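Okay, so here's the structure we're looking at.
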Amino acid sequence: AGVRGATRAQRAADTCTEPERSLSPSTAGGPTIDRIKKNGYLTVGVDQSSYRWGYLDPNKRGDSDPEGFDIDLVHAIADQILGRNAQVVYRAIPTNQRISAIQNGNVDMVVRTMTINCARLKEVAFSTAYFTTGQQILTPEKTDITGYNHTLAGKRVCSAKGSTALDRLKDDSFGADISTQVPNQLDCLVRLQLGEVDAVVTDSALAASQAAQDPTVKLTGAPFTTEYYGVAMKKDADDLVRRVNFILEEYRRSGWQTSYDKWLKADLEGPGQGPVRAPDPKYRD
């Protein structure tokens with residue numbers, strides 16, 4: 001279809017300069033929300049292996065749901081659309097299958113530390129940003145790597161397929177070996193623990209959670225990008241995008257800080273680091 005028949009999300013992707021700008025919030029209904037209500041549940045693509053973001057607690061028995069910062073947001077979205085204690089169907093989605101899961105209709109949305117960027121806006125729609133992060137290096141405590149720089153030359157570096165970290169490394173690896181590419185970021189931590197790689201490149205927020213899991217690894221060097229996480233949905237689901245943005249407006253005022261303090265604050269606000277706050281929303285119409 002031409003521009004006249006294109007959705008607002010499609011037009012935004014074609015003229016992308018600030019990808020974190022999204023549709024203005026609304027409580028109006030629409031075909032996507034009607035379908036979710038008819039189903040009686042929300043189907044969400046999540047991570048089940050990112051500590052404190054979306055993970056399964058091995059200490060809880062039975063068929064327990066994932067929990068973490070992203071999962072709290074899922075509950076807020078589901079409860080506002082479907083009513084309190086709404087049913088959620090969780091689907092564990094590898095990093096490189098997030099977009100296809102949305103496009104194929106396997107999930108209504110993905111809430112999985114997913115960076116908003118112009119390339120992805122050509123394939124899916126995003127909410128406004130709900131978290132700010134940046135790419136950073138994760139290494140063993142003993143290393144001669146000092147950050148995203150020439151000290152990566154000749155080093156084996158791991159990243160997840162379909163991640164913005166891998167995209168950045170493909171643009172400039174500083175001579176590193178980037179052939180180790182895995183389905184999920186946690187797989188990189190395992191490779192690092194086994195000595196199969198010398199470093200991991202991932203979002204600083206995820207790197208901090210991995211360092212919290214293993215005190216023998218550390219974040220090395222400063223973050224070298226600025227990125228924003230958003231809720232990803234189908235490109236033509238304007239009604240759902242606007243509803244999620246409405247929910248995020250309230251969530252930033254109430255639930256966001258409570259969830260952050262519970263799951264992330266201890267790892268992200270170390271010495272010399274200031275407080276973390278929810279990013280302000282940006283709208284394009």
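Please read all numbers here as calculations on a predicted model, not as lab measurements.
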Please determine whether a side-chain nitrogen of the Lys or Arg among [X] and [Y] lies less than 4.0 Å from a carboxylate oxygen of the Asp or Glu.
| X | Y | answer |
| --- | --- | --- |
| D70 | R112 | no |
| K235 | E123 | no |
| E67 | K60 | yes |
| D198 | R156 | yes |

Report yes if some heavy atom in the side chain of [X] is under 4.5 Å from a heavy atom in the side chain of [Y]; otherwise report no.
| X | Y | answer |
| --- | --- | --- |
| L82 | K37 | yes |
| F126 | M114 | yes |
| F69 | F131 | yes |
| K155 | D144 | yes |
| L189 | V200 | no |
| S173 | L152 | no |
| Y148 | R168 | yes |
| Q135 | D203 | yes |

[atom1]/[X] to [atom2]/[Y] distance, rounded to the nearest 0.5 angstrom?
| X | Y | atom1 | atom2 | answer |
| --- | --- | --- | --- | --- |
| D57 | D65 | CG | CG | 12.0 Å |
| Y251 | H75 | OH | NE2 | 9.5 Å |
| I93 | S100 | CD1 | OG | 7.5 Å |
| L42 | Q80 | CG | CD | 11.5 Å |
| L192 | C158 | CG | SG | 8.5 Å |
| Q193 | C188 | CD | SG | 11.0 Å |

Do [X] and [Y] have a side chain donor and acceptor closer than 3.5 Å?
| X | Y | value |
| --- | --- | --- |
| T128 | N245 | yes |
| D214 | Q210 | no |
| T133 | S204 | yes |
| R191 | T180 | no |
| E227 | T164 | yes |

Between [X] and [Y], is there a donor-acceptor pair closer than 3.5 Å when you use the side chain of the first and the backbone of the second?
| X | Y | value |
| --- | --- | --- |
| Q136 | G221 | yes |
| R242 | S24 | yes |
| D47 | S49 | yes |
| R91 | V107 | no |
| T143 | P140 | no |
| Q181 | I178 | yes |
| D187 | V182 | no |

Derivation of the side-chain hydrogen bond (donor to acceptor under 3.5 Å, both in side chains) call for D261 and T258: CA-CA 5 Å; D261 289 348; T258 299; over 6 Å; no

Quick one, E141 with T216, criterion side-chain hydrogen bond (donor to acceptor under 3.5 Å, both in side chains). Give me CA distance, side-chain angles, the key distance, then yes/no. CA-CA 6 Å; E141 281 285 346; T216 68; over 6 Å; no

For the residue pair Y260 and W256, does the interplanar ring angle fall in the parallel (under 30°), tilted (30 to 60°) or perpendicular (over 60°) class?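 Because their plane-to-plane angle is under 30°, the rings of Y260 and W256 count as parallel.
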
Hey, could you give me each pair passing side-chain hydrogen bond (donor to acceptor under 3.5 Å, both in side chains) that has a residue in residues 101-111? Not counting sequence neighbours.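 Only R35-D108 qualify under side-chain hydrogen bond (donor to acceptor under 3.5 Å, both in side chains).
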
Please determine whether the number of non-hydrogen atoms from other residues, nucleotides or ligands lying under 6.0 Å from atom CZ of R253 exceeds 12.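 More than 12 within 6.0 Å, yes.
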
Following the transitive rule for hydrophobic clusters with a side-chain heavy-atom cut-off under 4.5 Å over Ile, Leu, Val, Met, Phe, Trp and Tyr, establish whether [X] and [Y] coincide in one cluster.
| X | Y | value |
| --- | --- | --- |
| V44 | L56 | no |
| V190 | L219 | no |
| L268 | I71 | yes |
| I36 | L73 | yes |
| L206 | L186 | no |

Stepwise, does the salt bridge (Lys or Arg N to Asp or Glu O under 4.0 Å) test hold for R21 with D285? CA-CA 9 Å; R21 289 192 180 276; D285 66 353; over 6 Å; no

Should Y228 and T115 be marked as a side-chain contact (heavy atoms from CB on, under 4.5 Å) after you check the CA-CA gap, both sets of side-chain angles, and the distance that decides it? CA-CA 5 Å; Y228 301 92; T115 297; over 6 Å; no

Does the ring center of W53 lie less than 6.0 Å from the ring center of Y229?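 Judged by ring-centre distance (under 6.0 Å), W53 and Y229 do meet the cut-off.
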
How close do [X] and [Y] get, counting heavy atoms only, and between which atoms?
| X | Y | value |
| --- | --- | --- |
| H150 | F174 | N-CD2, 3.7 Å |
| S159 | L166 | OG-CD1, 3.3 Å |
| R52 | A212 | NH1-CB, 4.1 Å |
| A28 | I33 | O-CD1, 3.8 Å |
| V201 | F224 | CG1-CZ, 4.0 Å |
| P19 | I116 | O-CG2, 3.2 Å |

With R243, which of I247, V241, D239 fulfils side chain to side chain contact (heavy atoms under 4.5 Å, CB included)?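 When I247, V241, D239 are each tested with R243, the side chain to side chain contact (heavy atoms under 4.5 Å, CB included) holds only for I247.
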
When V157 is tested against each of L169, D177, V197, I145 for side chain to side chain contact (heavy atoms under 4.5 Å, CB included), which residue passes?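 When side chain to side chain contact (heavy atoms under 4.5 Å, CB included) is applied between V157 and each of L169, D177, V197, I145, only L169 qualifies.
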
What verdict does the side-chain contact (heavy atoms from CB on, under 4.5 Å) test give for V74 and M109, after you've listed the backbone C-alpha separation in whole Å, the side-chain angles of each residue and the deciding distance to 0.1 Å? CA-CA 9 Å; V74 170; M109 62 184 61; over 6 Å; no

With side-chain hydrogen bond (donor to acceptor under 3.5 Å, both in side chains) as the criterion, how do D72 and W263 come out once you've worked through the C-alpha distance, each side chain's angles and the decisive distance to 0.1 Å? CA-CA 10 Å; D72 285 355; W263 298 110; 2.9 Å; yes

side-chain contact (heavy atoms from CB on, under 4.5 Å) for F246 and L248? Distances and angles first, verdict last. CA-CA 5 Å; F246 174 83; L248 282 170; over 6 Å; no

Given side-chain contact (heavy atoms from CB on, under 4.5 Å), test S127 with M233 step by step and report yes or no. CA-CA 8 Å; S127 70; M233 293 156 277; 4.1 Å; yes

